[in-house]
Amino acid sequence: MSEKKNPVSAAAEKIAGKVQDAIGGRNEIPGAPAPEPARVDEPTRPRGPLPPKHDQRGPDTYGPTGQPTDAPQEKVAQSGAYLTTAQGARLYDTDHSLKAGPRGPVLLQDHHLREKITHFDHERIPERVVHARGAAAHGVFRAYGAAAGITKAAFLAEGAETPVFVRFSTVLGSRGSADTVRDTRGFATKFYTDEGVFDLVGNNMPVFFIQDAIKFPDIIHAGKPHPDREIPQAQSAHDTFWDFVTLHTEATHHTLWNMSDRGIPRSYRMMEGFGVHTFRLVNAEGATTLVKFHWKPKLGVHSQVWEEAQITAGMDPDFHRRDLADAIEAGAFPQWELGVQTFPDTEDQMFEGIDLLDPTKIVPEELAPVRPIGLMTLNANPSNYFAETEQVAFHIGHLVPGIDVTNDPLMQGRLFSYVDTQITRLGGPNFAQLPINRTHAPVNDMLRDGMHQTAVHRGVAPYRPNSLDGGCPFTAGADTGAYIEVPVEVPAARKVRDAAASFDDHFSQARLFWLSMTPTEREHIAAAYSFELGKCWDRAVKERGLRSLANIDPELCAKVAEGLGLPAPGATVSLASPEPSPALSQLGRTWPVDGRVVGIVTGGEGDLAAVREARGAVLGAGMVPLVVAPSGGELGSGDDAVTAQRTFATARSIEFDAIVLAGAPAPAPDAYGARDAKTDDAARATGVDPRVLLLVTEAFRHGKAVGAWGDGATVLEKAGLAADAPGVVVGGASSTVLDAVAELLAGHRAWDRFTPAL
């Protein structure tokens, strides 16, 4: 799905619907914390709560039993101009406890103090054991109708539109960890269909570490911080992780994906998603098809380079969640196509020699193409993180007619685990009644009481059969939309703790992945293994890691062994000779540039006309311009003023997809070591602000496009960058340079800068 275009030249048509001014309800530059500017002095005139920002909305207003309430969203949010207790009594003071005299002691009768402190003490719920660090958005899914022949699921019928809520997450880190760690990412989608909730709970990698759910506590315990010191946080570069995955070699394939660039996405918007498991679909005639689900980002799959990810974790640990929210606020709505690979539902559930029930295996797209069946667009940010992103409860067993599970042993265990964990996290069995989890289909479940019951049930007979409630609720049949499991034949067999023999191959698909990578991607993988194993203390763990690599590829093993200073062992299995799968590589195609961030560097003096022109062109291309100047605030005056979003002190290359130089800024007044350690006397002597030189050289080192016009070319010279280097554009006018920069951005990075070793 390659797209090539000249976005800057198409400014006029792109700007429509993408970026509007404040009058139209959009911010050209995202990130405003509130829907209207704050005042310097504290407001004193009573007024009601401000509305949410234009990019925000809460859960649709359905009751706990799935009935639409038609209530405006402001009716289920806080209201009134005055501070109250939880019961609605207005308060005259919330800054002082009720005391016996000004100096106390505090009185036990202070009900407001006790309510306020008690709620604060309990406002944290247990975080998720895995996927604790997350970000989410609302959206809509529109079906193409291409799946109608293989499933009767109504939300996949042609033209059907279904509200969705999507949560992206890391796996290993706590809620307070950084976004850009090397890790697997969760990609969970809640479809609020007319037939009930369907949850597609997957990852950004199509395989998993383990083949059987009984091993899930082991892999997570191994990957989490060491229990004695509770370090390291959100990392796999430590002994317990590598001890487990090198002993439990079924993890080899997923580990290789993690060590590839897939382990550090550039953005959630540029991340593939996978259902991981094989599902069984059933159509209106009862015929079944096995499928694997894929989410394909319209912006293409892209990653950070390793040093960039490390800098990002320190400079902006919220990088991915900020990127997602800012893109939606700016109107650059992220989109993914949902697709399926389809396979005959044969008795052995194999395809081209690949066991479809083994979650550590993929089916290459060259053998089974991904067939697009719908488009998802994320178009609104949550209005409250806790109520929506934190309380959303996914479950692989939330299914609708037409979609069924298989006997994948990892999937089977997840069918139990998700309900069990939600009961603990969300305080009881009624988590489905939380607003973000409420189905949009009518509910009459006969489930009663329990903690946090918010539905007011009627009737006297919550059992079946009954006559006192007129027999209601009645069971449904296939002709009235009942969910009926596919009547799969279960062969007579002995009870065993075992796996199929086809599960024993732990290396051939890892080798397939390695052989499908470009030379640049292979270098990144070798560097990742060298770093991760190099952080291990125990030599035996490192040696065992090299043994696993030898069974993938001798070149990979040799590169990592050299980095570890250890001998490279030979393979202990016969190396497979699979046909490479180009679909596994992230390189070699072009993509839309919507929502990319372009840093425009200015000295804040004589180049403002060019800055305004460049800013307009970037906006017109559907991208986001951030002006980087010696200081913040407005540059210039009157109608010609330009607002600086970043300063030389606050900007680093990690938040930009490209850097363009409108001038050669002299050292700013704060460019000295005691104020900013990123400066030094040698750099100051060049006549260019040292932080600008750092910004440019860092962007160049990370393969990002760099452009310059006018005096901006001087910065490249002072930074030691050749004007004809790959991904560097120098021209006489901003429009010419930006056209070329946009073309480079379509390929994500200037990959020619990363020259692999011979």
Side-chain angles (χ1 to χ4, degrees), residues 28-29 31-32 40 307-308 311-312 314-316 319 322 597-616 618 624-702 704-721 723 728-730 734 737-738 741:
E28 288 184 338
I29 304 301
V40 175
E307 186 196 45
E308 184 184 11
I311 295 172
T312 306
M315 292 295 298
D316 187 4
F319 182 76
R322 189 190 314 280
V597 181
V598 179
I600 305 173
V601 178
T602 173
E605 297 173 355
D607 55 10
L608 290 185
V611 171
R612 285 193 300 273
E613 180 183 343
R615 186 177 178 279
V618 172
V624 177
L626 296 181
V627 176
V628 186
S631 61
E634 287 195 347
L635 310 175
S637 59
D639 294 338
D640 294 333
V642 173
T643 301
Q645 285 80 36
R646 300 291 185 271
T647 67
F648 298 160
T650 61
R652 292 294 289 270
S653 77
I654 52 102
E655 68 176 314
F656 305 110
D657 294 292
I659 300 289
V660 294
L661 301 157
D670 63 343
Y672 57 91
R675 285 285 297 276
D676 193 335
K678 298 191 295 297
T679 67
D680 61 72
D681 291 339
R684 283 179 59 91
T686 65
V688 176
D689 192 292
R691 285 128 351 144
V692 173
L693 296 177
L694 175 64
L695 184 70
V696 172
T697 54
E698 204 170 71
F700 184 86
R701 195 165 65 245
H702 298 155
K704 298 182 179 181
V706 178
W709 58 86
D711 292 341
T714 305
V715 178
L716 301 179
E717 179 184 345
K718 300 296 185 183
L721 304 182
V728 175
V729 182
V730 178
S734 62
V737 171
L738 284 165
V741 165

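- Between the side chain of Thr679 and the main chain of Gly673, a donor-acceptor pair closer than 3.5 Å is present.
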(request) Take Val628 and Phe656 through the side-chain contact (heavy atoms from CB on, under 4.5 Å) test and state the conclusion after the steps. (result) CA-CA 11 Å; Val628 186; Phe656 305 110; 3.8 Å; yes
(message) Please evaluate residues Asp316 and Arg322 with respect to the criterion side-chain contact (heavy atoms from CB on, under 4.5 Å), reporting the C-alpha separation (whole Å), side-chain torsions for both, the decisive distance (0.1 Å), and the verdict.
(response) CA-CA 9 Å; Asp316 187 4; Arg322 189 190 314 280; 2.9 Å; yes
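- In this structure, Gly604 and Pro630 approach most closely via the heavy-atom pair N-CD, 4.3 Å.
- In this structure, Thr312 and Arg652 have side chains that are not in contact, with every pair of non-hydrogen atoms separated by 4.5 Å or more.
- Listed for the Thr650 side chain is no donor-acceptor partner under 3.5 Å among the backbone atoms of Arg646.
- Side-chain atoms of Lys678 come within 3.5 Å of backbone atoms of Ala649 as a donor-acceptor pair (strictly under, hydrogens ignored).
- Counting heavy atoms from C-beta outward, Val598 and Pro625 have side chains that stay 4.5 Å or more apart.
- With contacts defined as side-chain heavy-atom distances shorter than 4.5 Å, the pair Val660/Trp709 qualifies.
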(message) Set out, in order, the CA-CA distance, both residues' side-chain angles and the distance that settles side-chain contact (heavy atoms from CB on, under 4.5 Å) for Ile600 and Arg615, then state yes or no.
(response) CA-CA 8 Å; Ile600 305 173; Arg615 186 177 178 279; 4.2 Å; yes
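- The side-chain heavy atoms of Leu608 and Asp640, taken from C-beta on, include no pair separated by under 4.5 Å.
- Separating the CG atom in Leu716 from the CG atom in Leu693 is a distance of 10.0 Å, to the nearest 0.5 Å.
- Look at Glu308 and Lys704 and you find a salt bridge, because one of the NZ, NE, NH1 or NH2 atoms lies within 4.0 Å of a carboxylate O, short of that distance.
- A distance of 6.0 Å separates CG in Leu626 from CD in Glu655, rounded to the nearest 0.5 Å.
- Side chains of Val601 and Pro665 form a contact here, defined as non-hydrogen atoms less than 4.5 Å apart.
- Rounding to the nearest 0.5 Å places CG of Leu694 at 12.0 Å from CZ of Phe648.
- Shown here for Pro667 and Gly687, the closest heavy-atom pair between the two residues is CD-O, 3.4 Å.
- Of all the heavy atoms in Gly663 and Val715, the pair that sits closest is O-CG2, 3.6 Å.
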(message) One pair to check against side-chain contact (heavy atoms from CB on, under 4.5 Å): Val692 and Leu661. What are the steps and the verdict?
(response) CA-CA 9 Å; Val692 173; Leu661 301 157; 4.2 Å; yes
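- Considering CG of Leu695 and CD1 of Ile659, their distance stands at 4.0 Å, rounded to 0.5 Å.
- Legend: salt bridge (charged side-chain N to carboxylate O under 4.0 Å, His left out) pairs involving residues 664-673, not counting sequence neighbours, sorted by first then second residue: Asp670-Arg691.
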